Every structure is written in structure tokens, then in C-alpha cells.
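Atom set for the values below is all heavy atoms of this structure, side chains included, hydrogens, waters and symmetry mates excluded. Just so we're on the same page: letters track the sequence lines, and every chain starts at 1. Just so it is clear, the model here is predicted, and its values are computed rather than measured.
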Amino acid sequence: MSESLQQLLAGWQPGHALPGGLYGNPHTYERELDAIFLKSWLCIGHVSQVPRVGDYFLFDIARESVIVVRGGEGSVNALLNVCRHRGSRVCDEATGHETRLVCRYHGWSYGLDGTLRAAARMPGDFDRSRHGLRRLQARVFAGLIFVNFAPEPPDFSVIERDLAAPLAPYQLDRAKVAHRQTYAIDSDWKLAVENYCECYHCQPAHPEYSVGHSHALSPQEEAAMLGPVKARAAQAGLTDIFYVRNSWLAAGQLGTDRGYKRYALMRGHKTGSRDGGQLAPFLGSIRDFDGGATDLHFGPMMFGLAYCDHVVLYRFTPRGPRNTDCEILWLVNGEAQEGRDYQLRDLIWLWDVTTVADKRIIERNQAGVDSRYYRPGPMSEMEEFTQRFLEWYVATLRATGA
Amino acid sequence: MSESLQQLLAGWQPGHALPGGLYGNPHTYERELDAIFLKSWLCIGHVSQVPRVGDYFLFDIARESVIVVRGGEGSVNALLNVCRHRGSRVCDEATGHETRLVCRYHGWSYGLDGTLRAAARMPGDFDRSRHGLRRLQARVFAGLIFVNFAPEPPDFSVIERDLAAPLAPYQLDRAKVAHRQTYAIDSDWKLAVENYCECYHCQPAHPEYSVGHSHALSPQEEAAMLGPVKARAAQAGLTDIFYVRNSWLAAGQLGTDRGYKRYALMRGHKTGSRDGGQLAPFLGSIRDFDGGATDLHFGPMMFGLAYCDHVVLYRFTPRGPRNTDCEILWLVNGEAQEGRDYQLRDLIWLWDVTTVADKRIIERNQAGVDSRYYRPGPMSEMEEFTQRFLEWYVATLRATGA
Amino acid sequence: MSESLQQLLAGWQPGHALPGGLYGNPHTYERELDAIFLKSWLCIGHVSQVPRVGDYFLFDIARESVIVVRGGEGSVNALLNVCRHRGSRVCDEATGHETRLVCRYHGWSYGLDGTLRAAARMPGDFDRSRHGLRRLQARVFAGLIFVNFAPEPPDFSVIERDLAAPLAPYQLDRAKVAHRQTYAIDSDWKLAVENYCECYHCQPAHPEYSVGHSHALSPQEEAAMLGPVKARAAQAGLTDIFYVRNSWLAAGQLGTDRGYKRYALMRGHKTGSRDGGQLAPFLGSIRDFDGGATDLHFGPMMFGLAYCDHVVLYRFTPRGPRNTDCEILWLVNGEAQEGRDYQLRDLIWLWDVTTVADKRIIERNQAGVDSRYYRPGPMSEMEEFTQRFLEWYVATLRATGA
């Protein structure tokens, strides 16, 4: 009656979007969770969310809940939020502060590293040491917290190796989250990522962005504008690294995507603001505007845009076969004070208006690919990165054999 | 575990309703969409909804969206609302006016006949002529717009052949839609059609209708009242055709149902009004009340009731295995002005109150047939047309072999 | 891809909760309805709900609706709410009074015992005697109404045999329902029953209950407090039967669970009230407080708590794979008048606050067992009755072989 996942994948034609049966399909979705999301390095937040020992926040994905808690000696622990007794969630609130993680059902009590400390009236042969909360692998890099559900995750060090130098001037570990907002998109997560990965739609759909960013032009036009940016890099306190794109199949190992690609802003634009003017104090050791902005990729599911005075991070999280959250974090210099050093409304204007527009676009796309009569058409040269994403997606799912 | 569609169909006993497993069943529903709704002539609206070139409305069924647009030279085009690039919906609004149909995602632009006119930055070998919007077959008859998703649909001319003469006096192509309303019924579409097709329930459930319409009586009583109506037909400007019922299996080809059956109104009733009195100016070339009303069937999913001064059309559209829309259109003489020539509240009174009652009845029926212990009982003689519907339904689904 | 029911059951380890795949699983749920709920004696209400001939209430479970109606000569009839014509629900309202049960679709009319009395315009050979509403087996014991969907239900008399004597002093047939309230819990029904069946969670989660009931202590501590209660029983008008626990596998036949277990209240507590003081007049022939309370089980899905001055009954009804209703009935002496003899707010305080807390606990438990990484841990001695429940559950589902 319905085609198998492998048959659907086999029907994909490179240079085109996916066959309709792959979008919004509950069976495919389950395979994706296992094959991609539970095996990849997921960038889930920023260290400023858990400044003190005992601070925690919950991270939810794929019906899993993870307690991300600041432990002793500066560690950040990621613990599965499932009591080892009868499976209750241990923590309830989205954020909080605890000295012990106590399950409110039967009172089992865990340390901040997940070890079971107390459980009343258990038999004499009960071994507490074997009933701690399950720990996930966790890493902190550039102030960003990454977790991985896999018992033997791919090597994280390639991300650090490739991005440490270009990110150094931003000093993101000393930044702070000025604002965060979640946009619930009623679509398959792949349609949201496809949308994020190309700027062919920027001219027709995002006038607010297109007026300031050369990325909305053709690749040739964009490249032609990069010279002056390069010339100003050193003086502005930025590095001479302009291009790292070990994303998708080029990442080598699943879930280790890392990208840094600087491109020019349009004349008169210092940053991603309404009028082109400065929005916040310079980040880190940056001293001036170089006229550029950077596309970031940490991943595979976190993208970003680094300006000289703020960074915008986009995290895509699947919530169901046809539900995706896009969470945006706006980072500014950790010393900056709202009202004095930046106006929140101005800071978030561009990417709020753009994401609201994208939500609608993506949902229209989902409605269309649901048609029996939808046939993927050919893509333009401006959709090249989307093509790489699809190539990776198809290869990754094919490899599961499921 | 659960019976197959063919096993369920084989369990049907003529003269009875369907086995419970056929109502509200998601698998059956998908087969029905393919076997019935995407192969039948569907009456989806009236020409007065798209008077000017570029006027359009969207028609949704079976997860498909169709742009019904007035094209050049009086044509009415039905175009699949799916961009040929990456599948986005092209039109968003339920109704509108456009000179070009432009996809808001990447700006691909189509003519009103669906041909692709422009697509930016595509490769040199891209062939626009092969990327137009998919066109559905469309027909206009008696002012009514019909579409068919099938590439080779059944012959439409039999509908015109059988109904042109009896409908001629109403001049429906010159009528206008005075009001439209959708009633969302939480049931399988078949229970809604079963309900529409019999008047055994009229006496217990619809006192407002029964007081004015002989169709609520037994077939014998109804037939006995027809003589005076026949005698007045010519003088009232109506034809001498009183009975065309090429519906269900009698239609010959799937999806070409057409019916016209005139019956008497009760003494003192000129039309379907609260007090029996006139509601609106005569339609078309009708000159007087003949004391009758006509059951219409355009099909298979549009039914209607033609009075001398207005026509009520009922369109049943499945929205899910247990969700059905019943849309009612009230048509009046195109010259009539609301407030002066008719009062909207009076015009719609009878069929609004009756449909609200039916919605509740049908939903109770759905709840009941969901029971494991439901067994279809025998039907009365007044449910004969419902029996023909079920006979056709079972034969149609059996023929799919699925 | 997913494990079969029998594989999941085989994965259960005695002394632990169930494997995650058994909670909230739609396929398992359907098997449970057939194997447990449609074969067990279900306690569904109290005779005071239908005092007069023609009084009825509807009882819904497993997509079935049952009309529970007071018939002639004091009988209580349980009739399937499905018309034998085309399957409509016959009664609509949750409670009502009728002399005939008339289907509002086509007017078929049934007596209070379900026999078909009238059906208009049916063919001459139509046999009314074969088209009555389906009757379920029904029993009344201690004022409680039980029904069973099975054609040949298990022997009800064992419930009467074991519970008649200990319940006699309460005279529940002369009690009245002072209040009823339904708590919708978003979880598998099994998690709700697991929760009800153990008091390991009482100390951490229910301070209001724990302060007054020795059942929140360890089994040893609880047993040590029973002496004085036993000593006061006869004088208080209670029996010398303190323990009947033919529940779960000990019931012998599926669906005949019956339990009566008296335990001590804490010093200063006469009943389940906020301050320990009396809430209502003594029930039946009880003359004094004995310092105890009784856990009741009528089964398998009705539990209760009998104090000397009121009885609280808990009925668990599955509403879906992850939806369960817990309905609580508060029974008091039939002569008692609200306001004069008891304050409703005080009467319901303890079990309302406790059930609201349990709802949240159980929902957190459902969220946790949904995790791929949930592994059932070992239970404590205080979860012994929950262990018996699970043992019974696994054996019952295994026996289906499905």
C-alpha cells in the first residue's frame, strides 16, 4: 500500500527536493530520530543558562527529557530525566535550582552527577551504585553546550579544531543570552532546514534581510563583494579564516557538522539591524565593523549568524512528523545591559520578522508536498547548500537499511 | 486482527446499513478517496463566485487544494495548488483576484491557465513548458462548476443530456449565491449521505420540514399528491419532466450521477419557508408556483432541492475518516436584492434548522456504529434510496479489489 | 520494528514495573479492553442514582455506551445504547428519566427492559422480538451496581459471599452519593492503578493522608497498630472480619476481585478528615469510631476506603491508551443532610487534594516511561500489592495469546 522508507529514498533525484512520502511521514520520523537526532552532537544551550552549581534546565527531544545541570568543578552534566525506580520524570520545571535531584514520586534522591544517594525501604541487597540516572555525553565549546545520546558518540574534537580559531574573537563563552524565542512550525523538520539552507527565497520573501545581506544575491555577486571585508578583518580584530564548511557529508562523521562562512553586508549596513546601524557593544575582542557577517553551523541542527555586535543562533528540534520548533537565541556581550547598551526590540527585529515569514512559507510548503500530485522540481544554483543537506539526509537514512 | 476492506464489504447484507468496521475506518477512508472522490465529477461551486478574469477560489478535498480561476474567454480553469519547483502551495487565501499566480516562496510565476511564465536563476536547460501547474478537467453546466481529478474522467455529457431540459426554466447560470454555510459533522461521510438519502427520519426528527413536504409521507401517499402539481407545471413555466434518477449504479459510469425528482408540497405551501409563503422572486423563466419541489442530484456528492423561488444545494466533502463537511449554498434569482426582494434570515431558516438537527443525528449514529455490538438492522421502504447508495458504495469499493 | 504484545510481556521481570512498551501502547490497549474490561464485573454506580422506575444514567467504557435504567419491580437493567435499526445512540443525556427509550433518529421505541415495542412502516415479516436492545448482565450488591459485558460472566456470588458480612454494618444500600467528581489523568490506566495500589509514595507525596493513616507506615509498623482497633470493633458495631483479599490472581476467576482490609488510623484521627474529627453521621448500624479505616476492592477497577462516617469509592476507567478517568464517589448515610449533618467541602477535602496530587504524579510517570531509556527498577516491600496487580496483569494478557 505505502512505499517503504528505502523505496522512497531510492525515488529521490539529486538536485530535487524529496519525494512527498518522505515529508510528514510518522514511520520515517521514527527512523530519523534514531538515525540522526539520537546520534548527533546537539547544541542545546549556552553556559550562561546554568551559572551556579545546581542550576539546571530541561532539554526535550524525541520524547526524551534531559536534565542539563551545572555540577561540581564547573562541569555541565546531562542526565536522563527518568527515575531508575519506576520511571517517573525527576524534574518538572523547565528551569530550576536543586542541590539534590529528588524524584517526587517515591523520594529517590540523586546527586548532581546522577548517582543515587538515597532510596527508602529497599531490600538489603539493593545496589544503589547500579541505579544512577543515565548520563549523556556532554561537551562545552565556545560557551555552547552540546549533548549526544549515543553511548559512543562521534569525535567532538573536530568541531573544536575547525571552529576554535575563527570563533575566538567573539568570546562566546563570555556572552549572554539577551533573548530567546521559540517558533512552532507545523511542518516536517526537513522542510524547515531546507528553507534555512538556501537564500533563493530571500529576494521574494524577505525584503528586510535582502536589503542588508549580500547572501541574497547570486553566488557570483556575493563573492565579488567579499574583497573589502577581507581587507578590514585584521583591523576589526577578526581572523583571516573566512570559510570552513565541513557540513553534511563533508563532516566526515555523522553529527559533527561545523561551518563558518563570512560574507559581505550591503553598503551602509554594519550589522543585521533595521537601519544598518550598530545594535550592541562589540563582542569579545572585536574592535570594529568589517562589513561582514558569518553563517555558522554546529551540528547538524544548530545554525547561526555572527555579526560583530551580536550572534543569532537557530536550533531546529523535531516535535513530531509534522511539527518542528525553531528556537532562536540572541547572544550579546556579557557586559552589555539592556536599555543602556542595546534595545531588545531593535536587537531581535530582523530575525523575528524573518522567522515569522519563514514559518508561514514552510507551512505552505508542507501543505503542498502533502499532495498526491506533488512532483519535486529542479533546484536553482542558489539552493546548493539545500542540495547538500538532502544528499546527506538520503545517504544517512539509506545507511540504516531500515 | 482487523478485517480487510474486502472482508468487511463481503459482510454487508443488502437492505441493511454497512458493517460497523466500514464507518470511521482510516484505511477504508483512503481507499474511498482514491476510488470515489478522485474519480467522480465533483460539483464545487457556482460561476457567480468567479465573475471576472483572475477571480479565484480554492477548493479543498482529500488533502488536495485546487485553484478554481476564471481564465480568458470565459473559461474556468481548475489548477492544482502545488508549485512545480519545491511543492509549495501557490495561493493562500480562500478567494482572491490575481493576474498571475505567483508562488510566494521562490517567486515562480504562472499564468491563469497554469503555464509557467517566469522562474529566476534556473539553469540554461530548464524547460518552462514542462513545469506548468497541473490542470484538472473542469466543466460548467447550468452555472455549476464541476471538476474531476482523473486524467480520463467519465463522460460528463450524460449529466447535461439528462438535466438540461428539466433545469432550463430555473436558469441557474443567471442565479446568484445568496448565502453559503458549512456544517462540520463529526462522522464518516457515508453516514451523512445515508441520512440525506432517506426521509424515514423526517417525521420523528424534522417537524419543520415534514409540515410542508409530501416527501416525509410514505411513497404511496407522496405519489397520490403529485397529480395537481403535474397539472400546473406548464402554466408555471416548468417542464413536463418529473423524474430522472440516473443515480448510483443507475448512473452507468462512476461519478456521473444525475437526478431530478419533483414531488408535491403540502397544502398551503408554495416553497420551503416557515409559513409556506414565497421567499424570493421566481427563478429564471418560472412564472408561478406549481405546488412542487425537486430533489436534485449531481454527482455523486452534491444534492439539492429546487423550489420555484430558490434552490438549495448540499455538498458533502469528507475531511477525515470521521469528519465530513456539509456545505449549503442558497441560490436566488441573480436580479434579486437582499432586503428588498428576500430576507436572508427567512430564506435560510428551514434548511439551517434541519441541517443542525441532522448534524446531531448523524453524530449519534457514528457513536452508535462504533460499538462492537452494533449489528445493522433491516431498513424500511422509506429508505430505498439509501439502500441504492449502499449498493453502489459496496460495488464501487469491491471493484477496486483493494 | 516494534515488539509484539507477547514479547513485551515476556520481558517483564517480577518485582519490577512493566517494560515501557506496555504503557500507552494503542495495540496493547485494544487487547486490554477485550481481555479485561469487557470480561470483568465493573462496579459502575450506586442504586441511589436511579431511585424511580424510568430513571437512567449512561455508563461509557471502551467506546461502548450502556443505559443503566431502573425497570419494573426494582430491577436495574443495563442495555446497550445502540439502536437495532441503523445503530444510532438511543439515549443522549448523561442522566434522565423516560417511560420508553425512543431512538430520535427513526423513532424506534423500546421498553425499559430493552424489548422493541414499536417501529413504523417496517415490512410485514419484520420480527420485533428479535430486535430488542442488547442486555448486559447486571447485579446489585450492597447498593452498588455491577455490570459485565461477557455473555457468560464469571460467578458474581463469590463477591457477595466474601464481602456481605464485613460490609453489613455500613448498610451501603441505604447510603447516598454526597458528591462525585472525575479526575482526567493523561496516562495509561495501569499507571493509575499501580499508584493506587501502593503507599510507598504516601510519605513523600501525600502529607495530608500520611498524618492520619497508618497505611503510610511500613507493613510492620502498620500491623503493630491494629490491636486497639480490633479491640474496639464489636463495641463500635463493626464485624470481627479484618482481612479479605481475594484480589488479582487470588480472585480465582477474572474480574471477581474482592477485598476488605482494615487498618489503624493515627492517634487523634477518627476518620479521613483534615483535623481528624468526625465528618458525617455514622453509616448504617455503626455506633462509634473504632480508630480504623478499610481498604476496599470490588473488581477489578473499583477501589474504596470505608470510614465509620463515610465511604470513598474510586473507579478507574480507561479512556484511551494514555487517558484514564478516576471517578470518586463520596457516600454518606442516606438520612444525612448537607449543611446540617455534613459540610461537603470538609467531606471531600482529603481525597480531592490527594487525587489532584496523584494525577500529577501519574502523568510524570507516563512521561518518564515513554523514554527509550527507561528500565523498570526493583520495587520495595511497600509496593507488594502493586506487584500482585502486575503479576495478574501479565498472566491475564499472556493467557489471551494475542
Does atom [atom1] of [X] have more than 12 heavy-atom neighbours, drawn from other residues, nucleotides or ligands, at distances under 6.0 Å?
{"X": "A:R267", "atom1": "CZ", "answer": "no"}
{"X": "B:E152", "atom1": "CD", "answer": "no"}
{"X": "A:K359", "atom1": "NZ", "answer": "yes"}

>> Can you tell me which portion of A:N195 sits under 4.5 Å from chain B's heavy atoms? Options are side chain, backbone, both or neither.
In response: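 Looking at A:N195, backbone and side chain both touch chain B.
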
> By a 4.5 Å heavy-atom criterion (distance strictly below it), what part of A:E383 contacts chain B: side chain, backbone, both, or neither?
Replying inline: side chain

Identify which part of [X] has an atom lying under 4.5 Å from any heavy atom of chain A, answering side chain, backbone, both or neither.
{"X": "B:R134", "result": "side chain"}
{"X": "B:L33", "result": "side chain"}
{"X": "B:H85", "result": "both"}
{"X": "B:D127", "result": "neither"}

>> Within the 4.5 Å heavy-atom criterion, are B:R86 and A:V369 side-chain neighbours or not?
In response: no

[X] to [Y] - nearest heavy-atom pair and separation:
{"X": "A:G368", "Y": "B:R89", "answer": "N-CG, 3.9 Å"}
{"X": "A:P378", "Y": "B:M122", "answer": "O-CE, 3.3 Å"}
{"X": "A:R372", "Y": "B:E64", "answer": "N-OE2, 2.8 Å"}
{"X": "B:R121", "Y": "A:A216", "answer": "NH1-O, 4.0 Å"}

What's the spacing between [X] [atom1] and [Y] [atom2] if we round to 0.5 Å?
{"X": "B:S88", "Y": "A:R360", "atom1": "OG", "atom2": "CZ", "result": "10.5 Å"}
{"X": "A:R364", "Y": "B:S65", "atom1": "CZ", "atom2": "OG", "result": "12.0 Å"}
{"X": "B:Y105", "Y": "A:E198", "atom1": "OH", "atom2": "CD", "result": "5.0 Å"}
{"X": "A:Y373", "Y": "B:L38", "atom1": "OH", "atom2": "CG", "result": "4.5 Å"}

> Do you know which of B:C83, B:A62, B:P123 has the most heavy-atom pairs with chain A at a distance under 4.5 angstrom?
Replying inline: B:A62

> When only pairs under 4.5 Å are counted, which of B:L80, B:V102, B:V90 shares the most heavy-atom pairs with chain A?
Replying inline: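 Most heavy-atom pairs within the cutoff with chain A belong to B:L80.
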
> Between A:H201 and B:H106, what is the ring plane arrangement, given parallel below 30°, perpendicular above 60°, and tilted in between?
Replying inline: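 Rings of A:H201 and B:H106: perpendicular, over 60°.
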
> Taking every heavy-atom pair that is under 4.5 Å apart, which of A:N365, A:L191, A:D370, A:I361 has the most such pairs with chain B?
Replying inline: A:N365

> Any idea which of A:A17, A:C202, A:A205, A:S371 has the most non-hydrogen atom pairs under 4.5 angstrom with chain B?
Replying inline: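 Max contact count across the listed options: A:S371.
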
> Would you say the side-chain atoms of A:Y374 pair up with the backbone N or O of B:R84, donor to acceptor, closer than 3.5 Å?
Replying inline: no

